[in-house]
Amino acid sequence: MLDEIEIDGTVIPRGAEIAMLFGSANHDPAVFDTPDRLDLTREDNPHISFSAGIHYCIGAPLARIELAASMRALLKRAPTLRLTAPPERRPNFVMRGLKGLSVEIG
Ligand code: HEM
């Protein structure tokens with residue numbers, strides 16, 4: 001964005017540095033149905049994981065291919081893969097990764 005912008009009453013001046021919280025944006029209930037559900041078939045999916053605009057991730061097409069291939073390989077090896085405990089997130093504001101993921105494969 002090259003101009004000053006107002007978002008929900010807050011003016012962000014032209015040239016200001018901002019930090020985006022991607023995790024919270026991708027879980028916005030105003031944008032996504034069942035935002036906390038991993039739904040690989042989700043069609044209306046305006047996520048911003050690869051950013052937007054002129055710095056949009058140049059590796060996004062490769063990342064999509066890699067993810068599809070790895071998911072296919074995982075599900076082929078472990079077709080009955082399922083969670084054995086609720087996922088626990090790291091207590092981090094920006095990088096919302098998991099502490100671990102407990103699963104059963106057979
Ligand atoms: C799931 C995997 C990936 C995610 C979530 C991701 C995410 C992102 C995001 C959010 C940005 C924007 C950063 C910013 O605005 O400052 C970005 C930029 C970029 N990504 Fe990725 N990325 C992924 C994979 C890749 C891969 C596989 C490559 C290269 C093979 C790559 C190369 C780049 C490059 C070169 C930029 C800078 C683009 C620019 O500034 O014009 N990314 N990525």
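As a basis for the values below, the full set of heavy atoms in this structure was taken, side chains included, without hydrogen atoms, waters or symmetry mates. When a ligand or atom number is given, it counts from 1 through the structure's own listing order.
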Practice item. Working to the nearest 0.5 Å, report the span between CG of Leu67 and CZ of Arg72. Key: 10.0 Å
**Study point:** atom 20 (N) of ligand 1 protein-contacted, heavy-atom criterion under 4.0 angstrom
**Key:** yes
**Study point:** Ion pair check, Arg82 and Glu104, cut-off under 4.0 Å
**Key:** yes
Point to revise | Reported OG1-to-CD1 distance for the pair Thr84 and Ile105, which is rounded to 0.5 angstrom | key: 11.5 Å
Study note, to complete from the structure: atom 15 (O) of ligand 1: closest protein heavy atom, distance to 0.1 Å, is Ser51 OG, 3.4 Å
Point to revise | Residue and atom name of the nearest protein heavy atom (relative to atom 5 (C) of ligand 1), distance in Å to one decimal | key: Ser49 O, 3.7 Å
**Study point:** Check against side chain to side chain contact (heavy atoms under 4.5 Å, CB included), Asp44 and Phe32
**Key:** CA-CA 8 Å; Asp44 186 17; Phe32 300 98; over 6 Å; no
Check your understanding: How many angstroms lie between OG1 in Thr41 and CD in Glu43, if you round to the nearest 0.5 Å?
Key -> 7.0 Å
Review point. What do we get for Leu67 next to ligand 1 when only non-hydrogen atoms under 4.0 Å count, side chain, backbone, both or neither?
Key: neither
Review point. Is a donor on one side and an acceptor on the other found under 3.5 Å between the side chain of Asn26 and the backbone of Ile48?
Key: yes
Review point. Is the shortest distance from atom 37 (C) of ligand 1 to a protein heavy atom below 4.0 Å?
Key: no
Point to revise | For atom 2 (C) of ligand 1, the protein heavy atom that lies nearest, with its residue and separation | key: Ala63 CB, 3.6 Å
**Study point:** Closest approach of any protein heavy atom to atom 16 (O) of ligand 1, naming residue and atom
**Key:** His55 CB, 4.9 Å
Review point. What is the closest protein heavy atom to atom 6 (C) of ligand 1, and at what distance does it sit?
Key: Phe50 CD2, 3.6 Å
Point to revise | Shared hydrophobic cluster, Val103 / Leu74 (ILVMFWY, side-chain heavy atoms < 4.5 Å) | key: yes
Exercise for review: Look at atom 23 (C) of ligand 1 and find which of Gly59, Ala52, Cys57 reaches it with the closest heavy atom.
Suggested key: Cys57
Review point. For atom 35 (C) of ligand 1, which of Leu62, Ile54, Ile58 has the closest heavy atom?
Key: Ile58
